[in-house]
Amino acid sequence: MEFFNSALGKNITFVRPAYFKIAGFIGIPNMNYYYIFLFFVFFISVLGNTAVMTVIYLDHNLRTAKYVAVFNLAFVDLLGNTALVPKVIDTFLFNHYYISYNECLTYFFFCYMCLSMQALNLVALCYDRLVAIMFPLHYQVTVTPKIMLSIILAFWLFVIIAVSTAAGLLTRLSFCNSVVINSYFCDHGQIFGIACNDYSPSYIFSDVLIAIILWIPLIIVISSYVCICFALFKVSTIQEGVKAFKTCTAHLSLVAIYFFPILITFTNTNIHPNHRIINLSLTAVFPPMLNPIIYVLQTQEIKASFKKVLKIRSRFKVSGK
């Protein structure tokens, strides 16, 4: 807060509440079944992403640039669902609707950081596929594990700075009247929307953040696949083109699972607020559960590594007996 006060050149006293009340799911009937379903999704997500990370770590054949990005995606999915789902279940299933001011900002920070990294990680994977198909002779030089790791670390740094800035702008707000957040977590828009002083910096930065984290990655991905399609049309045989495009199916599935539900929710202005909250919560928890399943089913290297790990484990069991 002192940083923003000094930047303004004057001392300002902000009214901070002791707590916020998260009220997104309150009043919706039969929601206990939904929370049980969320726990099931969370459990599958933890198992799947942990398994993918373990296999990539154990199999030296997967120490490639592509799987640096896949490992990071699994880590982000695991961190994001761990930050969100247990807290949502605790809030609404056990009626712990009130959350302290500082805890709410921390909750917001981790949720938005992971949601943002999911989108940027898809851009990193898109870069891998773009170079592999359009410039295959330069792939080993242009897309190395070190280069991919540098890209991932740059994305992490950018996201941490961006979300920290958003959190810092929230500390400049005063909350004189309502402390009720009409969402399923400490949502950025819902927090600055109930402030009683000027929240235009947070509003403007929110639009900028959505453009950078959602729209620009989506435009980059679409543009990349347009280029990939043009490159595949120039391939000598249809079979070669289909074989090359199959290497993109896992990534395309992840893009569709992440972006389509968000776009449908935000572009549908007539959606009921309760339905909007449920749709957004499902959008947040479903991709982390489905991502490892998609990579296991659609990626031959991951399949082969899983089989190898299972064979080694069975051998250990037999030798132990």
Side-chain angles (χ1 to χ4, degrees), residues 45 48-49 51-53 55-56 59 61-78 80-81 114-136 138-140 142-145 147-152 154-156 159 213-233 235 240-264 283-306:
S45 174
N49 286 294
V52 168
M53 292 169 64
V55 168
I56 294 174
D59 193 343
N61 295 324
L62 298 180
R63 303 289 175 85
T64 62
K66 174 183 176 181
Y67 290 103
V68 170
V70 173
F71 184 93
N72 185 68
L73 180 63
F75 172 73
V76 171
D77 288 343
L78 182 63
N81 260 5
C114 293
L115 287 171
S116 303
M117 270 307 299
Q118 285 177 6
L120 294 180
N121 214 111
L122 293 175
V123 174
L125 286 167
C126 184
Y127 167 71
D128 171 84
R129 291 298 85 206
L130 181 68
V131 177
I133 292 176
M134 294 195 66
F135 311 101
H138 301 281
Y139 179 79
Q140 297 298 332
T142 312
V143 189
T144 64
I147 292 175
M148 183 61 75
L149 184 60
S150 299
I151 293 172
I152 295 296
F155 283 159
W156 272 108
V159 165
I213 299 301
L214 184 62
W215 295 112
I216 292 179
L218 181 59
I219 291 170
I220 291 173
V221 170
I222 292 174
S223 302
S224 298
Y225 274 103
V226 170
C227 295
I228 287 172
C229 288
F230 275 116
L232 292 178
F233 278 127
V235 175
E240 289 178 355
V242 172
K243 184 178 179 181
F245 192 76
K246 280 184 177 179
T247 64
C248 303
T249 54
H251 179 254
L252 278 172
S253 300
L254 303 187
V255 170
I257 289 169
Y258 180 83
F259 284 106
F260 282 175
I262 294 177
L263 293 176
I264 291 171
T283 301
V285 300
F286 253 97
M289 180 191 73
L290 294 176
N291 289 350
I293 297 173
I294 288 170
Y295 261 101
V296 170
L297 294 178
Q298 296 190 12
T299 310
Q300 293 299 324
E301 297 96 331
I302 293 281
K303 279 185 184 179
S305 296
F306 264 110

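All values derive from a computational prediction rather than experimental measurement.
With hydrogens and angles disregarded, no donor-acceptor distance shorter than 3.5 Å links the side chain of N81 to the backbone of D77. For the pair D59 (side chain) and V55 (backbone), a donor-acceptor distance under 3.5 Å is absent.
Interatomic distance, CD1 of I216 versus OG of S223, reported as 11.5 Å (0.5 Å rounding). The structure places SG of C126 at 8.0 Å from CD1 of I220, a figure rounded to the nearest 0.5 Å. Here the CG atom belonging to L130 is positioned 9.0 Å from the SG atom belonging to C248, to the nearest 0.5 angstrom. Between I222 atom CD1 and F259 atom CZ the span is 8.5 Å, to the nearest 0.5 Å. Separation of atoms CD1 (I257) and CD (Q118) is listed at 11.0 Å; rounding is to 0.5 Å. Note that CD1 of I213 and CD1 of I262 are 11.0 Å apart. Values are rounded to the nearest 0.5 Å.
The nearest pair of heavy atoms linking I147 to T142 is CD1-O, 3.1 Å. Closest heavy-atom contact between M134 and C227: SD-CB, 3.6 Å. For the residue pair P261 and A256, the shortest heavy atom distance occurs at CD-O, 3.6 Å. Of all heavy-atom pairs between P217 and A119, the closest is CB-O, 4.2 Å. Listed here is the closest heavy atom pair of M117 and V159: SD-CG2, 3.8 Å. Across L120 and F155, no two heavy atoms sit closer than the pair O-CE1, 3.2 Å.
Between Y127 and H251, the ring center distance fails the sub-6.0 Å criterion.
L62 places a side-chain heavy atom less than 4.5 Å from the side chain of S305. Residues S45 and L78 are not in side-chain contact: their nearest non-hydrogen atoms beyond the backbone lie 4.5 Å or more apart. By the 4.5 Å heavy-atom criterion applied to side chains, L254 and L290 are not counted as neighbours.
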| message | Could you walk me through whether Y67 and I302 satisfy the side chain to side chain contact (heavy atoms under 4.5 Å, CB included) test, starting with their C-alpha distance in whole Å, then the side-chain angles of each, then the deciding distance to 0.1 Å, before giving a yes or no? | response | CA-CA 10 Å; Y67 290 103; I302 293 281; 3.7 Å; yes
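Y139 and D128 are linked by a side-chain donor-acceptor pair at a separation below 3.5 angstrom, with hydrogens and angles left out of the test. A donor and an acceptor atom, one from each side chain of T247 and R129, are located under 3.5 Å apart.
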Acceptor/donor pairs from residues 68-75 side chains to any protein atom, 3.5 angstrom cut, sequence neighbours excluded:
residue	atom	partner	partner atom	Å
N72	OD1	W156	NE1	2.9
N72	ND2	N121	OD1	2.3

